[in-house]
Amino acid sequence: MYSNNNTHYGLQDLLAIMETMRGSDGCAWTKAQTFKSLTEHTLEEAYELVDAIEKNDMDELKGELADLLNQIVFYAQIAKEKQLFNFDDVINHLTDKLIRRHPDVFAQGNVQDVEALEKQWQEIKQQERLAKKKKTDQNKHSLLDDIAINLPALSMANKLQTRAASVGFDWENITDVMAKLESEVVELQEALAEENRAQILEELGDLMFSCVNLSRHLKADPEKVMRQANRKFKKRFQAMEQIVDAKKKSLKTISAAEFEILWQKQKHLK
């Protein structure tokens, strides 16, 4: 039925292949998967996609998009088997949401300013959350509902702060944010002086939360900022390793002063 030549496959081919792989004569591993068992693979594929984008590797990006699409098709096929919904329902849901959330494009919203669009976006999403609560007969609702608990911590902090800021719970400017950040450093120093482990960790968390706040006010994604810092550290450390290896030495034999000299040298290199 399927070949490995230059046949140009389409969406219906992909859906049919997944159905076959989940069928009685399909792949044993594929048939054994569930919604929950796939989640770790989905997260991994999403991170690999982001990595390809940040490396600006378009060939890799195409492959990673395919891998992520495979996850979506996989979930839809499992849902179809359970008679919950199918892939067409997913497409319909997405299309309806895009139209509903973009009155600036599909209605007479005529909003062009980016900040105004962001405010409008948050208002529409809040209306959707309220409608969802009414549908499930839950009288109590929170602005912070529907934020996935499995998000990376920096992303979750950013979402929590963005939701709160949508109703005015926010610092007005960078100066206030920096002042808060500095006060958190002082509180952490005080906890360190008292050698109170629980308090130290709490104040450290507050400091990190404030760093996310600063990132948000700078209109920067904290996850992206942190990934960039990680890549920079990795590059510099590996460069130090190469220098030490070239001298036939071991990192374990390098003194703190030598490490500092090597590190400062890498900092001044582009």
Least distance between heavy atoms, Lys31 atom then Gly23 atom: CD-O, 2.8 Å
Over 12 non-hydrogen atoms of neighbours within 6.0 angstrom of NZ in Lys55: yes
Glu54 vs Arg231 side-chain heavy atoms within contact, under 4.5 Å: yes
Considering all heavy atoms, the nearest Arg216-Thr162 contact: CD-OG1, 3.5 Å
Distance, nearest 0.5 Å, that separates CG of Leu160 from CZ of Phe209: 5.5 Å
Donor on one side chain, acceptor on other, Gln264 and Glu260, under 3.5 Å: yes
Flag side-chain contact, heavy atom, 4.5 Å: Val90 against Tyr75: no
Short side-chain to backbone donor-acceptor contact, Asp89 and Asn86, under 3.5 Å: yes
Co-membership, hydrophobic cluster, residues Met18 and Tyr9, 4.5 Å side-chain: no
Stepwise side-chain contact (heavy atoms from CB on, under 4.5 Å) test for Val50 and Arg227: CA-CA 10 Å; Val50 173; Arg227 286 196 301 272; 3.4 Å; yes
Polar side-chain atom of Ser37 near backbone of Gln33 as donor-acceptor pair, under 3.5 Å: no
Heavy atoms from other residues, nucleotides or ligands near CG of Asp25 exceed 12 (cutoff 6.0 Å): no
Ring geometry between Trp263 and Phe233 (parallel below 30°, tilted from 30 to 60°, perpendicular above 60°): tilted
From CA spacing to verdict: side-chain contact (heavy atoms from CB on, under 4.5 Å), Leu188, Leu192: CA-CA 6 Å; Leu188 176 57; Leu192 286 167; 4.2 Å; yes
Heavy atoms of other groups near His41 NE2, more than 12 under 6.0 Å: yes
Min side-chain heavy-atom separation Asn173-Asp176 under 4.5 Å: yes
Residues Gln71, Leu38; criterion side-chain contact (heavy atoms from CB on, under 4.5 Å); working and verdict: CA-CA 8 Å; Gln71 296 292 304; Leu38 284 176; 4.3 Å; yes
Over all atoms of both residues, closest heavy-atom pair of Ala32 and Arg22: N-NH1, 4.5 Å
Side chain to side chain, Asn158 and Ser215, heavy atoms closer than 4.5 Å: no
4.5 Å side-chain heavy-atom contact, Leu269 and Arg236: no
Check: Phe237 and Leu251 side chains under 4.5 Å, non-hydrogen atoms: yes
Non-hydrogen atoms of Gln199 and Ala191 that approach each other most closely: CG-CB, 3.8 Å
Within-4.5 Å side-chain heavy-atom neighbours: Glu258 and Lys249: yes
Cluster check Phe35, Met21: I/L/V/M/F/W/Y, side chain < 4.5 angstrom: no
Nearest heavy atoms of Leu144 and Ala164, plus distance in Å: CD2-N, 4.5 Å
Glu187/Leu207 under side-chain contact (heavy atoms from CB on, under 4.5 Å): CA gap, chis, key distance, verdict: CA-CA 9 Å; Glu187 291 177 10; Leu207 177 58; over 6 Å; no
Atom CD of Gln228 with >12 non-hydrogen neighbours under 6.0 angstrom: no
Side-chain touch Pro152/Tyr47, heavy atoms, less than 4.5 angstrom: yes
